[in-house]
Structure formats: C-alpha cells, structure tokens
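Read through the structure below, which is laid out as structure tokens, and then see the notes.
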Amino acid sequence: MTVNSLHKFVVNSNKHHIKISNTNTIKKHPLLTPRKASVIDLNTANDLFAEIMQSGIPFGYQQANCHNISHYISMLLASKGYQCAKIWAFAPVVYSTSSSKLISFADKKNISPNGKIDWGYHVAPILQVRIGNKVRKMVIDPGLFPKSPVRYRTWLAKLKTRKLIYLIVDSVWYLFNSSVIPNSQLQPDLNTVQPNVKLPDWFSDKLITDFFKYEEDSLEQHWIEKGLAVNETAMAFYDTEIKPILQSKQQQDLVADYKMLVGNVFNFETIFRDGNWNYEMDNNFQFRHQIIIAKYRQIYFGNLSKWQCKLALLMPL
C-alpha cells in the first residue's frame, strides 16, 4: 500500500490538532493526549506481547470484536503500569455514502460462508517503542501478526484497502457511533453531545467518529465480556465441530449450515448472545440444530462468566 492510498487523521502532539495529510488543521479534539502513552524499549514491548499471547484472548476468530479485544488489551497493559494508544482504520463504506468498499481478505480458516473476512473498520492497540534514537509506533494485533508487534504502516499495509483512513487516539476511547445517512440530512441538536471529531465534508459525508468510553450501557451490559465470549465460543465450535468435517464430501450440507451459523458473526451473536432469531437463523434452522445450539449456548455462558471475572480484576477500583 502506498502512502497516497491512505488518508491520515493523526494528531500533532505539539498543537493537539487533527492533521489531514500534514496540511490542513481541522479542529481541536480530545481524543489523543500528548505524551500520555508510555514509551518503552523493544525488549519490554516483546515481553508484553508474549504476556498478551498467553492471556487467553481469543485471537483466532477474525469475524468481529476487534474493539473488545483492543480494549481488553489496553486494560491489561494498564494493570501492568503501561499506557497504550489505539489505531483505528476505516474503510470507505464507513465514511462515505457513495462507497461500499470494505476491508476484505481471504478467510484462511474457511469458516465464512463466502470465503472472505469483511470489516468496515479495524482497531488495535499501539505502543510507543524506542528503537535506537527514535520512537516508533508499534501495533499489537496477534490476529494479523502473531509473532511480534509491528510498525503501524506495516499494519495498515496488511489491510490492503484503497482510500483507507486511520486515526490514532487514547486507549480510553472504546467505540464510535456512525450515521447511516449523509451529514447533510442530520438535524443538529444543541441539547445533545456533539461529535468529538468531524471529518471534513469534502472528504466524508457520514459521521463516523462520535467516540465514547467504556461506561454506562457498554459497561453495565458487559459488552467486552460478551464479545470475548462470542469469539472464544466460535473458535471452540470451529475446532470441534467444523474443522474435522470441513473436507468431508458427505457432510457438506452440515458444513454449509455450520458456516452460516459460525462464519457470520451476526448469526452467531443472534443465537448465542441474544437468544433470538433472524431470517437465516429461523425456527426451522434452530429446531434442526437444537442439540448443538444448546451445547454451545452453555459453553458461551461459561465463557461469559469467565471473562466477567477476568475483566473485574482489571477494572480500576
């Protein structure tokens, strides 16, 4: 990926402004605090990466929940005395009503019904690592790079998406809201909280950066724990039920059903997290697979309980 295919929405730490391609100042914003992220040496970064790999985080299921994984890692690092930041990458589909372009790559596990992993955005923790006399921004993303932290431009290049934009923010920002209609159709309401970042109208016609912290509904409803439990349960389903029969010609109908269930995260969350149904996970599908659904629903709630306990240990008193 060339630099020209990226649009930079990063912060000038001296002036605390958003910069676009290092030229136009857009507005002040509170998303990145200068010098807040820890500066560490490469050995420490590699040691922290090894600890993260041993923490039990379910990196193998790439369909969803990067924001929950990233926030859990940020809390894990904070519990050890280190502050990270986060790097967010947005595909054109998120910020433009005229594009359907996603971050898309082949599903190496062959679990997705269409053989692809599609993301509207991706996020990962980012560390400031001193290498020689320079401080480098290094990304921790074992789902994409399972051996070590990598430079942020290497991470961006891995996403292989033209007109990708990225934003580096404090780790405290958990997730963002996005509009489904153009900005021009939004009705301003002075009584509501205004977005903490607004991309310029010449570039983006959809609001994507109304970031919020892990508090209120997300905290009370255990969004992180549910996301990690979904990913861990999905990987258990894949390893135990799908992988052994993936190449069996006699079992392809069953494989197709299981891919529809597990390879589509919305279906998986509908069944196991929400206990609900949709047009694919209808009554007929759920009746046909009621035994295995009951089995993995129990596994999901066991994983949820485990992650609630683990996260409670990381929450500030």
Side-chain angles (χ1 to χ4, degrees), residues 1-12 16-32 62-71 85-105 116-126 137 139 141 143-144 152-189 192-213 218 223 265-266:
M1 178 180 293
T2 65
V3 174
N4 290 334
S5 64
L6 296 171
H7 291 269
K8 296 168 62 175
F9 288 83
V10 297
V11 170
N12 180 314
H16 204 201
H17 286 72
I18 291 181
K19 293 284 189 176
I20 299 177
S21 301
N22 293 325
T23 55
N24 299 321
T25 298
I26 300 302
K27 64 173 285 188
K28 283 182 99 170
H29 75 100
L31 288 178
L32 186 64
Q62 294 187 307
Q63 269 71 2
N65 286 305
C66 58
H67 60 290
N68 287 315
I69 289 173
S70 295
H71 208 78
K86 291 178 184 175
I87 181 167
W88 293 80
F90 300 99
V93 69
V94 177
Y95 64 79
S96 174
T97 58
S98 62
S99 178
S100 59
K101 181 68 175 177
L102 294 158
I103 300 167
S104 185
F105 53 94
K116 297 190 303 177
I117 302 291
D118 292 319
W119 297 331
Y121 69 90
H122 191 46
V123 58
I126 193 166
K137 297 180 179 69
V139 178
D141 192 349
L144 296 180
Y152 81 98
R153 286 191 172 273
T154 302
W155 181 82
L156 288 167
K158 181 77 171 179
L159 302 181
K160 296 181 179 179
T161 306
R162 287 188 58 79
K163 296 186 177 179
L164 190 77
I165 67 173
Y166 67 95
L167 181 68
I168 298 175
V169 306
D170 285 342
S171 62
V172 70
W173 299 105
Y174 167 63
L175 194 54
F176 65 97
N177 291 310
S178 60
S179 62
V180 294
I181 60 175
N183 290 345
S184 60
Q185 296 179 22
L186 293 174
Q187 298 297 319
D189 184 351
T192 63
V193 177
Q194 298 301 303
N196 40 27
V197 170
K198 184 179 183 300
L199 301 179
D201 291 336
W202 61 261
F203 183 80
S204 167
D205 64 354
K206 287 170 67 178
L207 174 66
I208 69 166
T209 46
D210 184 12
F211 280 87
F212 58 91
K213 299 178 181 180
S218 55
W223 287 8
V265 68
F266 301 109

field: His122 and Trp155 aromatic centres sub-6.0 Å
entry: yes

query: When you measure from the side chain of Thr161 to the backbone N and O of Ala91, does any donor-acceptor pair fall under 3.5 Å?
result: no

field: Side-chain heavy atoms of Val169 within contact of Phe176, under 4.5 Å
entry: no

- request: Please state whether the rings of Phe211 and Trp173 are parallel, tilted or perpendicular, taking 30° and 60° as the class boundaries.
  value: perpendicular

message: Using 0.5 Å steps for rounding, measure from the NZ atom of Lys116 to the CG atom of Leu102.
response: 7.5 Å

- prompt: Mind checking whether Phe212 and Trp223 have parallel, tilted or perpendicular rings, split at 30° and 60°?
  reply: perpendicular

- prompt: In Å and rounded to the nearest 0.5 Å, what is the CG to OH distance from Leu175 to Tyr121?
  reply: 5.0 Å

- request: Would you indicate whether the side-chain heavy atoms of Phe266 and Gln63 approach each other to under 4.5 Å?
  value: no

- line: What one should report as the nearest heavy-atom pair of Val93 and Gly120 is CG1-CA, 4.2 Å

- prompt: Distance-only, no hydrogens or angles: does the Asp205 side chain make a donor-acceptor pair with backbone N or O of Thr97 under 3.5 Å?
  reply: yes

query: Rounded to the nearest 0.5 Å, how far does CH2 of Trp88 lie from CG of Leu164?
result: 13.5 Å

- prompt: When rounded to the nearest 0.5 angstrom, what is the spacing between CZ in Phe105 and CG in Asp118?
  reply: 8.5 Å

- prompt: If you measure from NZ on Lys163 to OG on Ser96, what distance do you get to the nearest 0.5 Å?
  reply: 8.0 Å

- request: Fit a plane to each ring of Tyr174 and His71, take the angle between them on a 0 to 90° scale, and name the class: parallel (under 30°), tilted (30 to 60°) or perpendicular (over 60°).
  value: perpendicular

query: Within the side chain of Lys86, is there an N or O that forms a donor-acceptor pair under 3.5 Å with the backbone of Ser171?
result: yes

field: For the student: nearest non-hydrogen atoms of Leu159 and Ile103, plus distance
entry: O-CG2, 3.8 Å

query: Between the main-chain N or O of Val123 and the side-chain N or O of Ser70, is there a donor-acceptor pair closer than 3.5 Å?
result: yes

query: Can you find a heavy atom in the side chain of Gln62 that is under 4.5 Å from one in the side chain of Leu144?
result: yes

